[in-house]
Structure formats: C-alpha cells, structure tokens
Amino acid sequence: MARPYYVTTPIYYVNDRPHIGHAYSTVAADVVSRYQAIRGKPSYFLTGLDEHGLKIERRAKEEALAPQDFVDRMAAPFREAWEELDCQHHGFIRTTSAQHKENVQALWKRMEERGDIYLDDYEDWYCVGCESFKTEKELLEGNLCPIHKKPVERIKERSYFFRLSNYTQPLLDYYEEHPDFVQPDSRFNEVKSFVREGLRDLSISRTSFRWGIPVPGDPEHVIYVWLDALTNYISALGGPAEEGEEPLFDEFWRNAGTITHIVGKDILRFHAIYWPAFLLSAGVRLPTHVWAHGWLTVNGEKMSKSLGNFLPPGPLVEAFGADVLRYYFMREVGFGQDGDFSHRNLINRYNGELANGLGNLMNRIVASILKKSLDGQVPSIDLGALDDSDRALISKAQSSVEEAAKHYEALAFHRALDTIWELVSAANKYVDSTEPWMLAKQDDKTRLRQVCYTVLETLRWVSIMLFPVMPQKCNELRAQLGMPPLLPTEQVDLWPSAWGGLRPGAQTKPSTPLFPRFDEAQERSILERLGVERPAEDDKKANAMTESEPSKDDFIEFDDFMKLDLRVGLVKTAERVEKSKKLLKLGIDAGESAPRQILAGISEHYAPEDLVGKRVVIVANLKPRKLMGLESQGMVLAASDDDRLSVLVVERDVEPGSRAK
RNA sequence: GGGCCCAUAGCUCAAUUGGUUAGAGCCCCCGGCUCAUAACCGGGUUGUUCCUGGUUCGAGUCCAGGUGGGCCUACCA
C-alpha cells in the first residue's frame, strides 16, 4: 500500500496580490503532489490564505469594507492565479473559515491542558505602526520594526504565553532523530544553532486589535497570528481530532507517510521551531519535512513594488502558457537556492529545450516520418528483435526514469528535468543515427517500424516523466501519440517501468507543434508586451567599459564625510552595565543641555574610573539603539588591534560639543 | 564577536563521496545531414578546480590557515 503524501504551501498573506514568488512555491507543491499521485499515492495538496491581523483590519477600514468583505475580495486573485497556473490543490484553506477558527481554539485548549499556556505581563518591544509586539530577534539593526523600519518602544501588556522554553531539548531531540527534517541542510544548521542558544517563552495573544481568533474563555485576547496561521496545516484536514473523527486528518496527517511543508526561507523559523513545538505540546504528530526554498529575483533585481518589477503571474501565463512557466520555474534554479527569473532566459530555454529539443523530436517522428511512411499508425514490432542502438536508447530511458524518480522524491526538480532532457537528447541522436527517412526510401519497413516504435515509446515515457511539471502539454503529447490523457489513480503506479506499453495499431494524431519556436519578431513583441526592456548588448558593454574604471576607486566625497557629526564629548560618569561582559554606560557632556547616555563595548579594556574626565570623540548623529535594555545615544570612537584597544582622546581641552572635522 | 554554507570553462551547474586524461547545457566557430519547428547530428575553443601549506601511492573531493561571497546569530554602535 502506498502511504499517503501531504504537501503544503505557506498560506499567503491576503494583503498582497499574487506574484511569481507565491507562484513559485505553489507550482513546486503542485509538482510534488502530481508526482506522488501518478506514483499511486493518495496525495493531498493544500494551499490557502492568511486573512487575520491588524493590517487587514486597517486596510478594510480604509476601503470602507467589513474585514470579511475585504478578504473575500482579496482572495479571488489567488484562486484565479492557481487556476491559471493549473495548480490543482485539494484544499484551499482560509483562516477566516469557521472550521479553522474552531480548530485553532481546539489546539489552544490542548496546549493549555498540557499546562503550556500561562497569563503574564509582557514587556517587550512594540511597534506602533503594527500595533503589535516584536521579539528582540525579529527586530532589524537599530531596533527597527522589520515591517515599518521605524524604531520600536518598550511597552507592557498582559498576554498569554506558551512555554516554548520547555521545548528546547525535545526539539533538539527531534532534529537529531530526523536528520532530513529541514532542507536544505545548511538551513537546518541555522535552525539547530538557533535552538541550541535556548528558546524563550512566546507571547501568543494580543489585545491591541480584534481581527483574529478569540482566546477560548478570554475573548479580550486574540490568538497570535502565527499560531493561528500555522494551524491551517491541520485545520484544513479537520485536525486536531481524535482518531476516527476526521477521515482526512487520519489519512493525511496521522497516518501520512510523508508530510512536506514547502516554505520560503524567511519563514523557516516558524515552521521548523514554533510549529513543531506547538504540535509537541498538543500531542499531535510532527511533519516529516520542512523545505525552505530560495528567493527569485527578477531580471537580476530584487522584486519590489518601488522598482516596478512586481511580477504577477497572469501576464506571463498569457504570454507563454502555464506549462511553460511551470517548466521554467522548476528548471531554472535548484530548489532551495536563490535564483533569477529572467524573461530572456525563459525564452532561451523555451526555444532551446522545449521547441528544438522535445517539440521537434515529436514532430519529426509523428508528424513527418510516421505519417508519410506508416500511415500514422503505431507500428507493431518484435521486441525480441531489436538491435544494439535500440537497446542503448531503451537502457538510457530506463536509467533516466530511475534517476528522475529519485530527484522528484528529493524535490530536486531541476535535476529531474536535467535527466529527462538527457533522454530527449539521446532520442534525437538515435533518430539521426538510424536515419528512418532513408529506411523509408529503401522500403526497409521492418527496421523502420522498429525505429519509429522505439522513439514513440520513448516519447510516451517522457510524457509521464514530465507530467508533474507540464500536465497539459504532456496530455497533448499523448494525444498526438494516440494515447489517452494520464489519469492518476490511487494505488496504481503509472511511472514507466516495462518497455513496450505503447499499443501497436493506435492512430497517432499529428497536430500543431507542441512548442512552436519564437522567432526574433515574436520574441521582441512578447518582451514589449510584458514591458521588459530588451537590453542593448553593445551599449551595455560600452558602458561597462567606461564606467567600471573610475568607479573602481574607494574615495568618498567630502559631503559624505560631513554627514558624520563627530564631536568632542567630556566623560562625566562611567559605570559597568550589570550582567554585561563588555558594556560600559557613559554619561557624556556633548555641549547639550543634559549629558548623553552612551554605551561602549570596552569594559574589558577600561575601568570606569579611568574614563571620567577624559575628552573623547563621539558620533553624535548615530541612530539611537538599545543594548541590554539601555539606550545608547551615540558611539565612542576607539581603535583596536589584535589585543589592545584605545579610546580616541582629544589632546587639548576644547569645549565639549565642539565639532571634529 | 560567534556560527553555518559556498567558491569548478565567458554564463548556469555536474563530478558515483579519495581513484585514470575534471564533464554537460547555453554562447561562439567549422562541418555534416535534410525526416523535422532556421530544427537535428558531429567536431572545435575556453580550466593554476580561489590562494598557501599539509595528509596520501593518489586530492576538485580530506585537514589547517588565508582571501572573497552569501546567510544565521549576538552585549560593535
């Protein structure tokens, strides 16, 4: 019995419109799901939307809509995008659905019963923009909110906590026992080292907004968005639930052979640490794999609204077709690595691999040789009478099938496609060396039949191997071969195994080329329509030549220097920061009404009393930053070599606050 | 500051885990073929495998140090 396979995408925050980043994750999950389905495994593919949070509440207000109406409206483009891209999810979860809310609360109760939830005062960094707390670790350099890029404040609120700290060791144990839990390996290393540092309890409720799921028994509080969002993976199946209560949950979670969460590398921590901890607490089994994929840039640049290269998938599907876009996503970059989405590259791959490689192979044999010489019928041959060249191709096909399967299982899509294209290339060589057109001329029908059959059967195999990535094109290919569409069936493994499955006598149906080549004019018009500039190669080179030389120098402008507000500061007070190894807290007179508090990481080199009375140089306009809970309003300059450190001291007694320049 | 990962042809990547002369694809040039979508096939050019040492009969692969890049993390500010 093939064990069930469950694959998920992240649920996308409905505040955004779908772009190729979303599309990339979703296509990958669809490919996984389709692959498992043709291998006969019961397969369930879940995607969906994260619809709660203050941001949504506020956006809805701006648009004068009820939050529910707003998210209903924003959800539609996602559904459409996945339909356009032929991503056949089995479930589409929305966190505002009644079932999801109930299940999140059920999970909460289980965690509460375990004794892992308690109410406490919460003091932490707070972003006014988000109206929510940020953990220290979420903050950007300089105590900035990662979303608003503005400084956060220290604020107290009453909040429910999850005893995440109790799960440090259980998580490490789980990682140890499941060495392929997180992929790629280097990401797993990051997760482990983060957990090894020790985990702090996690605030899991908010009182600052309403648009969320109420805490059971305390409706003043709304459940933390990540606890809400992560639960989608089981709530969509009806979980958490006791055995026998929810068939989907039993099949695809409790008894699943594999549970794979596909996520972007930015949300790995939530999936690899928090989520398993919640599940451990609630007594629910853990997923088997969390796969963090990389980011796509667009034509070499980071995708962003401000750069105007925010790429929705729709126009690309319109221009190239869903399958071609899917192919490109899966072919171009190694899954797990960062990559680039380049229109030019897509067209190159299309022409080189799809049109010239596969499309032309099918065309030359089906639409031409077979049609002209054998009435377009799949020939009947003696499989025992093949010659060495036939057997070589067959053996190539067999190894290719094996390899591709291995790569699909490992989500190494680009490798799987690589392998398949080696077979396509071998088939083209085979046609060249066997010269079926000569056989037709010489009227060597027996050999001609053998050759044609060998190529046709290879194409049939390819139509299966490629199916997860290009389902529609593969069915078109099969139609031209006179084959029915591929119909995944549970417990039936459709993956090629025995040579000779193509039925002799079937009527092939040559039709238009599968992948018509783009000529230069078409290429230009497509790029134009998509608003992509055609890089003028020569100009680019010329620019690179002239620009690179002078920009080589490392000088800055005088104005750049003047941006620094360097001043003389008189050290009035100095003391050690409690529990700190390195920090001294200095009170520094910089000619202002009150002394500044500046922290300096120099206590391994200076005793506090050595500094008082010294005139030092400070950077006065450095953005304030909190260290060990204390604000530092500037920076004291110091120089150090391998083992010594010296604060920069001013030689004469100029007034505190004097500008250094 | 601590840690993880990476560096191979102009570009994108392989190299069966230490084993012969480091390979593909794209690009470029030449030739062939003509069934086919200006396709296809063959041939050709490009390497100090980042550097320096070490282990070994043998190193792209292992070890040490360095350089460059990416990422995670922290009490640099």
Side-chain angles (χ1 to χ4, degrees), chain A residues 136-137 141-143 184-197 265-266 268-269 292 294-295 331-334 336-340 342 344-345 348-373 403 414-415 417-419 421-422 424-425 427-441 448 451-452 455 510 512-520 577-585 598-604 618-619 622-638 640 645:
Chain A
E136 187 102 25
K137 297 188 169 169
E141 292 257 316
N143 276 14
D185 290 342
S186 59
R187 294 281 161 204
F188 201 7
N189 289 340
E190 284 175 18
V191 168
K192 287 179 199 162
S193 72
F194 185 88
V195 175
R196 270 193 222 110
E197 302 276 307
K265 62 182 183 181
D266 57 322
L268 176 60
R269 183 179 306 165
W295 286 130
R331 178 75 175 114
E332 178 66 22
V333 291
Q337 289 182 288
D338 289 339
D340 185 43
S342 145
R344 182 158 296 278
N345 235 329
N348 282 345
R349 287 209 182 269
Y350 177 88
N351 277 344
E353 294 167 0
L354 296 177
N356 297 349
L358 176 59
N360 185 56
L361 172 65
M362 190 213 59
N363 206 51
R364 65 197 299 206
I365 205 78
V366 176
S368 180
I369 296 164
L370 197 71
K371 187 178 172 189
K372 287 178 195 164
S373 313
E403 281 278 295
H414 65 302
R415 303 288 288 277
L417 291 171
D418 214 28
T419 299
W421 249 261
E422 272 177 36
V424 169
S425 171
N428 265 320
K429 286 183 180 69
Y430 171 84
V431 174
D432 272 326
S433 63
T434 52
E435 299 184 301
W437 54 93
M438 289 302 288
L439 298 171
K441 230 176 251 175
L448 179 62
V451 167
C452 283
V455 177
T512 51
L514 258 188
F515 301 103
R517 224 184 124 78
F518 294 130
D519 62 26
E520 285 217 22
V577 174
E578 207 185 329
K579 280 192 264 178
S580 166
K581 262 186 265 173
K582 292 188 188 170
L583 288 180
L584 287 184
K585 185 171 86 175
I598 293 184
L599 299 175
I602 55 175
S603 74
E604 285 162 324
I618 66 166
V619 183
L622 194 64
K623 191 172 284 188
R625 160 80 192 262
K626 284 191 184 167
L627 297 166
M628 304 277 305
L630 298 166
E631 185 167 80
S632 180
Q633 303 158 325
M635 168 171 178
V636 173
L637 295 186
S640 63
L645 178 143

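These values consider heavy atoms only, across backbone and side chains, with no hydrogens, waters or symmetry-generated copies. Just so it is clear: chains get the letters A, B, ... in the order the sequence lines come, proteins before strands, and each one is counted from 1. Computed from a predicted model, the values in this text were never measured in an experiment.
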A.B. asks: Please report, rounded to the nearest Å, how far the P atom of B:C41 is from the CD1 atom of A:Ile365.
C.D. replies: 14 Å
A.B. asks: Considering only atom C1', compute the distance from B:C11 to B:C57 and round it to an integer number of Å.
C.D. replies: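 Result for the C1' pair: 38 Å, nearest Å.
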A.B. asks: Over all strands shown, is A:Arg349 touching base, sugar-phosphate only, or nothing at heavy-atom distances under 4.0 angstrom?
C.D. replies: nothing
A.B. asks: What's the closest nucleotide to the side chain of A:Arg415 if the choices are B:A14, B:U37, B:U34?
C.D. replies: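 Out of B:A14, B:U37, B:U34, the nucleotide with an atom closest to A:Arg415's side chain is B:A14.
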A.B. asks: Please classify the nucleic acid contact of A:Lys429 as base, sugar-phosphate, or nothing, using heavy-atom distances under 4.0 Å.
C.D. replies: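 Sugar-phosphate: the residue A:Lys429, judged by heavy atoms under 4.0 Å, touches backbone atoms but no base.
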A.B. asks: Distance check needed: B:C33 P versus A:Trp437 CH2, whole Å only.
C.D. replies: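 After rounding, the reported distance stands at 11 Å.
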A.B. asks: Counting only Watson-Crick or G-U wobble pairs whose two distances fall under 3.5 Å, which nucleotide matches B:U16?
C.D. replies: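 Its partner is none (no Watson-Crick or G-U wobble pair with both distances under 3.5 Å).
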A.B. asks: When you get a sec, tell me which of B:C13, B:C75, B:C40 is the closest nucleotide to the side chain of A:Gln337?
C.D. replies: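 For A:Gln337, the side-chain atoms sit closest to B:C13.
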A.B. asks: Between B:C41, B:C75, B:C5, which nucleotide gets closest to the side-chain atoms of A:Ser186?
C.D. replies: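 For the A:Ser186 side chain, the nearest candidate turns out to be B:C5.
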A.B. asks: For A:Asn189 and B:G3, is the shortest distance between a side-chain N/O and OP1 or OP2 below 4.0 Å?
C.D. replies: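 Answer no for this pair, as no side-chain N or O of A:Asn189 is under 4.0 Å from OP1 or OP2.
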A.B. asks: Assign each of A:His414 and A:Gly357 to its nearest nucleotide of RNA chain B by heavy atoms, then name whichever residue's nucleotide is nearer the 5' end.
C.D. replies: A:His414
A.B. asks: Need one value for A:Pro516: base, sugar-phosphate or nothing, where a base atom within 4.0 Å counts as base even if backbone is also close, heavy atoms only.
C.D. replies: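 A:Pro516: base contact, heavy atoms under 4.0 Å.
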A.B. asks: Hey, are the side chains of A:Phe518 and A:Asn348 touching, using non-hydrogen atoms and a 4.5 Å cut-off?
C.D. replies: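 Sidechains of A:Asn348 and A:Phe518: no contact.
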A.B. asks: Under a 3.5 Å cut-off for both contacts, is B:C40 paired Watson-Crick or G-U wobble with anything, and if yes, with which nucleotide?
C.D. replies: B:G32
A.B. asks: Using a 4.5 Å cut-off on heavy atoms from C-beta on, say whether the side chain of A:Arg331 contacts that of A:Asp418.
C.D. replies: yes
A.B. asks: Measure from the side chain of A:Asn428, starting at C-beta and using heavy atoms only, and say which of B:C4, B:C40, B:A36 lies closest.
C.D. replies: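 So the side chain of A:Asn428 is nearest to B:C40.
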A.B. asks: Considering every strand and a 4.0 Å limit on heavy-atom distances, what is the contact class for A:Ala367: base, sugar-phosphate, or nothing?
C.D. replies: nothing
A.B. asks: As a test of reading the structure: which of B:A36, B:C75, B:U37 is closest to the side chain of A:Leu583, going by heavy atoms?
C.D. replies: B:C75
A.B. asks: How long is the straight-line distance from CG of A:Asn356 back to CG of A:Leu361, given to the nearest 0.5 Å?
C.D. replies: 11.5 Å
A.B. asks: With both distances under 3.5 Å as the test, what is the Watson-Crick or G-U wobble partner of B:C62?
C.D. replies: B:G54
A.B. asks: Under 3.5 Å, side chain of A:Asp338 to main-chain N/O of A:Trp295, donor-acceptor pair present?
C.D. replies: yes
A.B. asks: Given the C1' atoms of B:U34 and B:U46, what is the spacing between them in whole Å?
C.D. replies: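 Those two atoms are separated by 31 Å.
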A.B. asks: How would you label the contact of A:Leu599 with the nucleic acid (heavy atoms, under 4.0 Å): base, sugar-phosphate, or nothing?
C.D. replies: sugar-phosphate
A.B. asks: Please give the distance between the P atoms of B:U45 and B:G25 as a whole number of Å.
C.D. replies: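 Result for the P pair: 14 Å, nearest Å.
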A.B. asks: Between B:A36 and A:Asn360, counting only base atoms on the nucleotide and side-chain atoms on the residue, is there a donor-acceptor pair under 3.5 Å?
C.D. replies: yes
A.B. asks: Can you tell me how far CD of A:Glu422 sits from CG of A:Leu417, rounded to the nearest 0.5 angstrom?
C.D. replies: 12.0 Å
A.B. asks: Calculate the interatomic distance between A:Met438 atom CE and B:A36 atom C1'; express it in whole Å.
C.D. replies: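 Checked: the CE to C1' distance equals 16 Å.
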A.B. asks: Give the rounded distance in Å between these two atoms: CG of A:Leu268 and P of B:C4.
C.D. replies: 18 Å
A.B. asks: Grab the CD-C1' distance between A:Glu197 and B:C75 for me, whole Å please.
C.D. replies: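 Rounded to the whole Å, the gap is 13 Å.
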A.B. asks: In whole Å, I'd like the distance from the CZ atom of A:Phe194 to the C1' atom of B:G2.
C.D. replies: 15 Å
A.B. asks: Write down the partner of B:C4 under the Watson-Crick or G-U wobble criteria, each distance required to be under 3.5 Å.
C.D. replies: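 Per the H-bond distance test, B:G70.
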A.B. asks: Is there a side-chain contact between A:Lys372 and the phosphate of B:A36, meaning an N or O under 4.0 Å from OP1 or OP2?
C.D. replies: yes
A.B. asks: Could you say whether A:Gln633 or A:Ser193 is positioned toward the 5' end of RNA chain B, judged by the nucleotide with the nearest heavy atom to each?
C.D. replies: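 Mapping each residue to its closest nucleotide by heavy atoms, the 5'-most match is A:Ser193.
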A.B. asks: Between B:A64 and B:G3, how many Å separate the two P atoms, rounded to a whole number?
C.D. replies: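 So the two P atoms sit 13 Å from each other.
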A.B. asks: Quick one about A:Arg364 and A:Asn428 (side-chain donor to acceptor, distance below 3.5 Å, no hydrogens or angles considered), yes or no?
C.D. replies: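 Yes - a donor-acceptor pair under 3.5 Å links their side chains.
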A.B. asks: Measure the distance from OH on A:Tyr350 to P on B:U37 and round it to the nearest whole Å.
C.D. replies: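 My rounded result for the distance is 14 Å.
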A.B. asks: Heavy atoms only, 4.0 Å cut-off, all strands: where does A:Ser632 land among base, sugar-phosphate and nothing?
C.D. replies: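 Sugar-phosphate, no base atom in range.
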A.B. asks: Rounding to the closest angstrom, what is the interatomic distance between B:G58 and B:G70 at atom C1'?
C.D. replies: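 B:G58 and B:G70 have their C1' atoms separated by 33 Å.
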A.B. asks: What is the distance, to the nearest angstrom, from the CG atom on A:Asp338 to the P atom on B:C13?
C.D. replies: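 Interatomic distance, CG of A:Asp338 to P of B:C13: 11 Å.
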A.B. asks: What is the glycosidic conformation of B:U17: syn, defined as within 90° of 0, or anti?
C.D. replies: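 You should classify B:U17 as syn.
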A.B. asks: Find the distance between CG (A:Leu637) and CE (A:Met635) and round it off to the nearest 0.5 Å.
C.D. replies: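 Interatomic distance, A:Leu637 CG to A:Met635 CE, rounded to 0.5 Å: 6.0 Å.
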A.B. asks: Output the single nucleotide from B:G25, B:C33, B:C75 whose closest atom is nearest the side chain of A:Glu353.
C.D. replies: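 Selected nucleotide: B:G25.
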A.B. asks: I'd like the P distance from B:A14 over to B:U8, given in whole Å.
C.D. replies: 11 Å
A.B. asks: Does B:U49 have a Watson-Crick or wobble partner in any strand here, with both distances under 3.5 angstrom, and which is it?
C.D. replies: none
A.B. asks: Considering only atom P, compute the distance from B:A59 to B:C50 and round it to an integer number of Å.
C.D. replies: 15 Å
A.B. asks: Quick one: is B:A39 close enough that its OP1 or OP2 comes under 4.0 Å of any side-chain N or O from A:Arg364?
C.D. replies: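 For A:Arg364, the contact criterion (side-chain N or O under 4.0 Å from OP1 or OP2 of B:A39) is not met.
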A.B. asks: When you compare B:U49 with B:A36, how far apart are their P atoms, in angstrom units rounded to a whole number?
C.D. replies: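 Comparing P positions in B:U49 and B:A36 gives a spacing of 47 Å.
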A.B. asks: Please indicate whether A:Lys371 has more than 12 foreign heavy atoms, meaning atoms of other residues, nucleotides or ligands, lying under 6.0 Å from its NZ.
C.D. replies: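 Not more than 12 within 6.0 Å, no.
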